[in-house]
Every structure is written in C-alpha cells, then in structure tokens.
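Keep in mind that what you see is a predicted model, and the values were worked out from it rather than measured. Hydrogens, waters and symmetry mates are skipped; everything else that's a heavy atom, side chains included, is used. Atoms within a ligand are numbered from 1 in the order they appear, just like the ligands themselves.
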Amino acid sequence: MPKNTLSVTDNRTGNAYELNIENGCIRTADLRQIKTGAEDFGLMGYDPAFLNTANCKSKITFIDGDKGILEYRGYPIEQLAEKSTFLEVAYLIMNGELPAQKQFDDFKYQVTHHTYVHENIKAFMDGFRYDHHPMSILASTVAALSGFYPEASKVKDAAVRRAQIIRMIAKMPTIAAFSYRHSLGMPYIYPDNDLSYAGNFLSMVRRMGETKYQPNPSLERALDVLFILHADHEQNCSTTATRLVGSSVAAGVTALYGPLHGGANEAVLRMLREIGSISKIPDFIKKVKEGGGETKLMGFGHRVYKNYDPRAKVIKRIADQVFDVTGKNPLIDIALELEKIALQDEYFVKRKLYPNVDFYSGIIYEAMGFPVEMFPVLFAIPRTVGWLTQWEEMITDSEQKIARPRQVFLGAKRRDFVSMDKRKAL
Ligand code: SDX
C-alpha cells in the first residue's frame, strides 16, 4: 500500500524529507524543516492570490470547476434552484441539513421578525448624498450595525453567533432597499412580515401609495431563485476576506464590490450597452483579444470554473420567465450572440472562458427595473448567509487562528541613516 507521503530531496544539501499528504494537500508549515543550515528560516510556499493554496477545511460548498458542478451541503444547485426557496437554502447552508417543517417555520419566524433596523439607521443613511453608490452605503451601514449590537463581539458564544447571523440575513434586504429608496429621494418602506423574503424585498423597493404591495409571483420567484444561486460559493474573494477579517460582513461587501468579483454584473450591463448592437460584437471581441488584457469580456471567465458556470445556465432559463412579465430586455440578444461567438473563438476556448454567474443576471435585474448600481447589492443580500456560515466555520475550527501570512522580502538590505546634507536626489 503506497504511503501517503511526499519524498523530497533538497538538492542544495542532499537531505531527504518525508512530507505527509492529507486530503490531497501537504501542510506548507512542514516545508519549514527544509533548511540549508541552522540559521536558515526554512522553506515557505509562495502562492500570490492563493492560486493553489487551501486556506481552510470546509463542509459547506463543493465546486468541481472542470465539470461545472456546484453543491451546497451535497445538494446540486440545479435541484435547489428548482425545488427549494432561499430561506430553506439559507437554513441548509447554515445547519448542514434541509429543515423539517417545524425547524423551517421557526427559522422563517426568526428571520421575518428581525427585518427591522434601528430608526437611527435612517438618520445615518440620510447623511449620504442621493447619488452615493448603494454598495458603499451598504458597506458603511453594515459596519455601523455592529454598534447597535455590542453583544455581537461574544463570538465564542454559539447562541450569540446564531442570533447575529439571523439578524444580518434579515436586515440586509431592509438596508439594501433603504439605500435604493434613498438614492431616489423616496420614503423608506418598512418590512411587510406577511410577505416572503424576496417578496418583502420587492415591497420595500417598489411600494408607493398602496397600503399593501403584492409582488408579481413570477418576479418574486425569479428573485428568490437568483438569491439561491448567489448564496455561497466556497472560498471566493469576498468569503476569504470575511474569513480573514473575522469580524464583519462589511469586509465581504467591500471585497464583493469590485468589477472582477460581485461588481461584474454591473460591468456586464455597461459592456452590453457600450457594444450597443449585434453588428458591433465582432469589433468588441477583437478589442478584447488584441487589448492585452485591458478590455475583458465581463461576465466571462472564472478562477475555478473552466467549464460553464452551472448558475449561469439556471439564470439563462429564468430570463424568459421574467421577460414574460416585464417584456424582453433587448440586451439579451446581444448577450446571447456574444456568448455564441465567444464560445466558438479560439481565444476564449483555449483559455476555458465561459459565461459565469454575472453574465446574465444583470439583464434580468435591469428588466425588473433595478438600476445597475443595485446589481452588486442584489448579490450581497443572499451571499450574506454564505459569508457568515463560512465565518462561523472558521471561528469554530480549532486549527484556525488570526491570519498572518509571510512574505518574500526583496527590498533594500540593512543600511545606516543618511543626513539631509549628504543625500542626492535619485
Ligand atoms: C464572481 O471566485 C468565485 O467563486 C467568484 C464568484 C462567486 O460566486 O463568489 O463566482 C463570483 O466573481 C464571478 C467572476 C465575475 N468576474 C467577471 O466576470 C470579470 C471578468 N472575468 C475575469 O476578470 C476573470 O475571468 C476572473 C477574474 C473572473 C478570473 O480570472 P483569473 O482566474 O485570475 O484568470 P486570469 O486573469 O489569469 O485569466 C487567464 C487568461 C488571461 O489571459 P492570458 O494572460 O493567458 O493571455 O484569460 C484571460 C486573461 O486575460 N481572461 C479573459 C477574461 N478572463 C480571463 N480575457 C477576456 N475576458 C475575460 N473575461
């Protein structure tokens, strides 16, 4: 039976080492024993952007990037999108199992009855200019929330952790909707506890003079499925930020905001508008291929998926249901043609660039009447359960401690201070 070890010979010294292999990994700390002498610090692994580094052990989400597989706690994303609801999926992600009816009812009651925010949040939010990007309002407001729940710092207390997670899941839609209403100079709409999670969000965003808002069932279901698809995605950039910072969803929101991550859905819409028509697609593709990486086909490519993002397939199917209600977003024709051309072009095929979760989602959000600035906010709302479940897994992992990576120092060697009169301008 072959041993689960790696035999390493350091050719600088001729010394041999046996490194244990566990779960397909070696412990990078085991490299430290490989030294050229007593003074040597020992070997480290060098892996900018963690291209091949496991930062944690996790049981939450499994992705097979080559096969385009995504599973939450073992359940395929396609089945959850078809048969479940966001709140049920949130329970699954948090607890590892689908809830029985009473468990679900209790969880739903908890979330529904924590949707309100302190009235001071409105005063806080009113301090932003009307045209402040809603993602920066969201990040700031989420960070400020911690001041309203000082007990949240007791992270070793499981009951306190769970209470805060429920609060965040419940309040993100309220804060997001308030930021949207603020941008329009419209009054904030309070949560309606009779509505579903997605329906309540639509009510807080859309309600005008009517005493009760009734969301369109197709749009409500489409948004709920989009929330399911965005709930978690293992160790992506914003989840890693949340794990590393270890203390706030604000870290996740700010990491998600960028155009290469959760801001890509906003960037896709701007790209499709810039292309403007199907006839202009070849010129745009040429610009991407010859631009040396300057111009990207936004919504395409992924660090892990080297196949079609399974979420993009589901989102593409939702588009038709939404358009049946809202009317077709003409940008879908440009997106479909862009995908068709790109998937036949050697540049994209060779680099295994396929549509990702952001390629089609923005077209749906726009058809539902959301401005592009709200698109990353619509990503952050459902991702909150993923960030916080991953955070809790980190907090309760006895192997984890405050993150403090090493560096490869290539700077100036030690030297003495030089007085001003002896310096030369460089
Ligand atoms: C999300 O990690 C997650 O799980 C994230 C996420 C989640 O749910 O949390 O799935 C959500 O962030 C999805 C990704 C959204 N971003 C975009 O759509 C922005 C466009 N895509 C890229 O910028 C890019 O594909 C990344 C950032 C997503 C991934 O980049 P990598 O893995 O660092 O790959 P790379 O930049 O090294 O690219 C490899 C090659 C390069 O060309 P060469 O240097 O080999 O010549 O592919 C090229 C890149 O220039 N390339 C693209 C491209 N993406 C990569 N070229 C044109 N258009 C693109 N979109």
Item checked: Identified side-chain contact (heavy atoms from CB on, under 4.5 Å) counterpart of Asn236 within the set Arg303, Gln390, Arg383 ->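 Of the listed options, the one satisfying the test is Arg383.
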Check: Do you see a donor-acceptor pair shorter than 3.5 Å between the side chains of Arg161 and Gln164?
Finding: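 Note: Arg161 and Gln164 side chains miss the donor-acceptor criterion.
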Checklist line | Thr239 and Gln235 side chains, donor-acceptor separation under 3.5 Å | finding: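 Side chains of Gln235 and Thr239: no pair found under 3.5 Å.
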Check: How would you list, by chain and number, every residue that makes a side-chain contact (heavy atoms from CB on, under 4.5 Å) with Val349, sequence neighbours excluded?
Finding: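 Checked Val349 against side-chain contact (heavy atoms from CB on, under 4.5 Å); matches are Glu346.
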Check: Once the angle between the rings of His233 and Tyr305 is folded into 0 to 90°, is it parallel (under 30°), tilted (30 to 60°) or perpendicular (over 60°)?
Finding: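 Rings of His233 and Tyr305: tilted, as their planes differ by 30° to 60°.
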Next item on the list: If the plane angle is over 60° it's perpendicular, under 30° parallel, otherwise tilted; pick one for Tyr365 and Phe370.
Entry: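 Plane angle over 60°, so perpendicular.
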Check: At a 4.0 angstrom heavy-atom cut-off, what protein residues surround ligand 1?
Finding: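 The 4.0 Å shell around ligand 1 contains His233, Asn236, Pro259, Leu260, His261, Ala264, Val288, Lys296, Leu297, Met298, Gly299, Phe300, Gly301, His302, Arg303, Arg311, Tyr347, Arg351, Leu353, Asn356, Asp358, Phe379, Arg383.
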